[in-house]
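I have placed the structure first, in the form of structure tokens, so that the comments after it can refer back to it.
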Amino acid sequence: MSCRPSCGACCIAPSISSPIPGMPDGKPAGVACMHLDADYRCLIFDHPDRPDVCGSLQASEEMCGENRTQALRWLGYVEEETRPSRSSSTWK
């Protein structure tokens, strides 16, 4: 499956903890990467400094759904489900 034109969900929904060019601390979930253009395309797609996590996301029917809204919802759900739980923290 190819990326859907004008989507960009994978550049918005997930948090990225590794450095991104121009974003040394990565980005929080739900915030668009600064390299997402007005057409929701990644401007550093082929750049060697693009985070590995970005390259590991591959378009799929499950992740992308039938439209951008479904993709944002699914990626947001995965982000929430994989966030470290405060109750499992070593901080008491």
Side-chain angles (χ1 to χ4, degrees):
M1 179 174 179
S2 297
C3 287
R4 178 180 295 111
S6 301
C7 181
C10 59
C11 299
I12 299 168
S15 61
I16 298 176
S17 58
S18 57
I20 303 168
M23 302 176 86
D25 298 322
K27 67 168 220 63
V31 172
C33 175
M34 68 180 285
H35 299 290
L36 191 62
D37 72 11
D39 292 323
Y40 296 101
R41 294 285 189 185
C42 176
L43 296 172
I44 61 168
F45 189 81
D46 292 320
H47 193 277
D49 291 336
R50 180 176 170 227
D52 290 340
V53 68
C54 297
S56 71
L57 287 173
Q58 299 296 309
S60 69
E61 288 183 30
E62 180 182 28
M63 180 173 83
C64 301
E66 294 181 13
N67 54 53
R68 181 175 186 266
T69 300
Q70 288 181 358
L72 284 165
R73 187 177 304 131
W74 187 88
L75 285 163
Y77 169 78
V78 170
E79 176 71 27
E80 189 64 33
E81 289 298 306
T82 58
R83 179 176 291 145
S85 171
R86 291 181 187 199
S87 62
S88 65
S89 173
T90 57
W91 296 93
K92 303 279 183 187

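For clarity, every value in this text was computed on a predicted model and none was experimentally measured.
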Minimum heavy-atom separation for [X] to [Y], with atom names?
| X | Y | result |
| --- | --- | --- |
| Cys33 | Met23 | SG-SD, 4.1 Å |
| Gly65 | Arg4 | O-NH2, 2.8 Å |
| Glu66 | Gln70 | N-OE1, 2.5 Å |
| Gln58 | Gly55 | NE2-O, 2.7 Å |
| Pro14 | Glu79 | CA-OE1, 3.4 Å |
| Cys7 | Ala71 | SG-CB, 4.2 Å |

Any link between [X] and [Y] through a network of hydrophobic side chains (Ile, Leu, Val, Met, Phe, Trp, Tyr) touching at under 4.5 Å?
| X | Y | answer |
| --- | --- | --- |
| Ile16 | Val78 | no |
| Met34 | Ile12 | no |
| Trp74 | Leu57 | yes |

When rounded to the nearest 0.5 angstrom, what is the spacing between [atom1] in [X] and [atom2] in [Y]?
| X | Y | atom1 | atom2 | result |
| --- | --- | --- | --- | --- |
| Phe45 | Cys11 | CZ | SG | 9.0 Å |
| Asn67 | Leu72 | CG | CG | 9.0 Å |
| Arg83 | Ser15 | CZ | OG | 7.0 Å |
| Cys54 | Asp49 | SG | CG | 11.5 Å |

- Is a donor on one side and an acceptor on the other found under 3.5 Å between the side chain of His35 and the backbone of Pro21?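 Yes, the answer is positive, given that a donor and an acceptor are paired below the 3.5 Å cut-off.
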- Is the backbone of Arg41 close enough, under 3.5 Å, to the side chain of Asp39 for a donor and an acceptor to pair up by distance?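 Here the side-chain-to-backbone pair does not exist.
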- Count the heavy atoms of every other residue, nucleotide or ligand shown that sit under 6.0 Å from CG of Asp52, and state whether that count exceeds 12.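 For Asp52, atom CG is not crowded (no more than 12 foreign heavy atoms under 6.0 Å).
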- Please name the residue in the list Val53, Leu36, Leu75 that meets the side-chain contact (heavy atoms from CB on, under 4.5 Å) test with Cys10.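 Of the listed options, the one satisfying the test is Leu75.
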- Given side chains that start at C-beta, do those of Arg68 and Ser6 come closer than 4.5 Å, heavy atoms only?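 Not in contact.
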- Set of residues satisfying side chain to side chain donor-acceptor pair (under 3.5 Å) with respect to Glu62, sequence neighbours excluded: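 Applying side chain to side chain donor-acceptor pair (under 3.5 Å) to Glu62 gives none.
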